[in-house]
Amino acid sequence: MHLLIDDANIENIKYLYNYYPVCGVTTNPSILFKNNKNPLETLEEIREFIREDELHIQVLSDDAENIVKEARILKEKFGSNTFIKIPTNKEGLKAIKKLKSEQTNITATAIYSPTQAFLASLAGADYVAPYVNRIDNLGYDGVETTIKIQNILEKNQTDTKVLAASFKNTNQVLKLAEYGISIATCSYEVFGKFIEDNNVNKAVEDFVNDFKAIDKDRRTWTDYLG
Ligand SMILES: O=P(O)(O)OC[C@H]1O[C@](O)(CO)[C@@H](O)[C@@H]1O
């Protein structure tokens with residue numbers, strides 16, 4: 001499983017890139033709204049910072065013809081490793097079919113059911129993005145649904161990968177990693193919870209204190225060898 005950042009705040013993105021093994025950024029209109037800045041300038045800044053890594057941007061048109069138009073403009077502006085996020089409804093499927101014939105990278109988004117994912121895959125989507133936490137909130141099981149989607153894609157030997165989205169805790173992510181889900185996109189808040197264990201800090205502190213007791217003037221190997 002690879003990890004993407006689900007955020008549009010450039011400071012958060014820079015911070016997470018500095019510490020975590022991530023391979024790109026996903027955005028959606030609500031994330032851009034939350035960032036409270038000019039959305040175009042924000043995306044330009046993100047693209048400049050992440051260079052050729054994956055950048056996922058969602059279209060806002062309702063009908064296939066305008067979705068295709070918007071996708072072409074976004075692809076032209078943000079480059080080849082940009083994934084156009086298209087909601088998986090009927091108009092979206094129609095647009096995905098058309099855009100695939102133009103070699104556009106597509107993330108089929110707003111996926112709540114395996115049927116949607118299967119259809120998006122047949123239409124040519126590169127990624128399908130099930131909304132794990134939102135599915136949980138509907139009273140279904142987001143993790144199970146995502147695994148089911150993965151099984152369907154594997155059994156049907158498609159090239160489409162699962163990009164799991166909408167997480168509220170790290171356990172949801174880890175469960176999917178266990179099943180080899182291709183990629184997960186996580187918010188700044190969820191990243192913050194990945195390594196938050198006081199036991200780890202305590203263990204490290206004990207190691208350092210023990211070592212320091214050997215020679216109080218030499219705390220690290222750099223002090224011995226540097
Ligand atoms: O339920 P949430 O946290 O709003 O997440 C919706 C998800 O859908 C996406 O738009 C799919 O990529 C993500 O950007 C986001 O994680």
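Values below: all heavy atoms of this structure, side chains included; hydrogens, waters and symmetry mates excluded. Ligands are counted one by one from 1 in listed order, and the atoms in each one are counted from 1 as well. Count residues from 1 along the sequence.
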### Query
Taking 4.0 angstrom as the limit, do Glu102 and Lys75 come out as a salt bridge?
no
Grouping ILVMFWY residues whenever side-chain heavy atoms fall under 4.5 Å, the cluster of Tyr127 otherwise contains Leu4, Phe83, Leu163, Ile183
### Trace of the side chain to side chain donor-acceptor pair (under 3.5 Å) decision for Gln172 with Asp136
CA-CA 10 Å; Gln172 293 166 325; Asp136 280 352; 3.1 Å; yes
query = Hey, do the aromatic rings of Phe194 and Phe191 have their centres closer than 6.0 Å?
reply = yes
Which protein N or O atoms sit under 3.5 Å from any N or O of ligand 1? Give atom names and distances.
| from | atom 1 | to | atom 2 | distance (Å) |
| --- | --- | --- | --- | --- |
| ligand 1 | 1 (O) | Arg134 | NE | 2.7 |
| ligand 1 | 1 (O) | Ser166 | OG | 2.7 |
| ligand 1 | 3 (O) | Lys168 | NZ | 3.0 |
| ligand 1 | 4 (O) | Arg134 | NH2 | 2.7 |
| ligand 1 | 8 (O) | Tyr131 | OH | 3.2 |
| ligand 1 | 10 (O) | Asn28 | ND2 | 2.9 |
| ligand 1 | 10 (O) | Lys85 | NZ | 2.7 |
| ligand 1 | 12 (O) | Lys85 | NZ | 2.7 |
| ligand 1 | 14 (O) | Asp6 | OD1 | 2.5 |
| ligand 1 | 14 (O) | Asp6 | OD2 | 3.4 |
| ligand 1 | 14 (O) | Asn28 | ND2 | 3.4 |
| ligand 1 | 14 (O) | Lys85 | NZ | 3.2 |
| ligand 1 | 16 (O) | Asp6 | OD2 | 2.3 |
| ligand 1 | 16 (O) | Ser166 | N | 3.1 |

Sorted by chain and residue number, the salt bridge (charged side-chain N to carboxylate O under 4.0 Å, His left out) partners of Asp210 (sequence neighbours excluded) come out as none
Residues 197-218 vs ring pair (Phe, Tyr, Trp, His ring centres under 6.0 Å), sequence neighbours excluded, gives Phe211-Trp221, Phe211-Tyr224
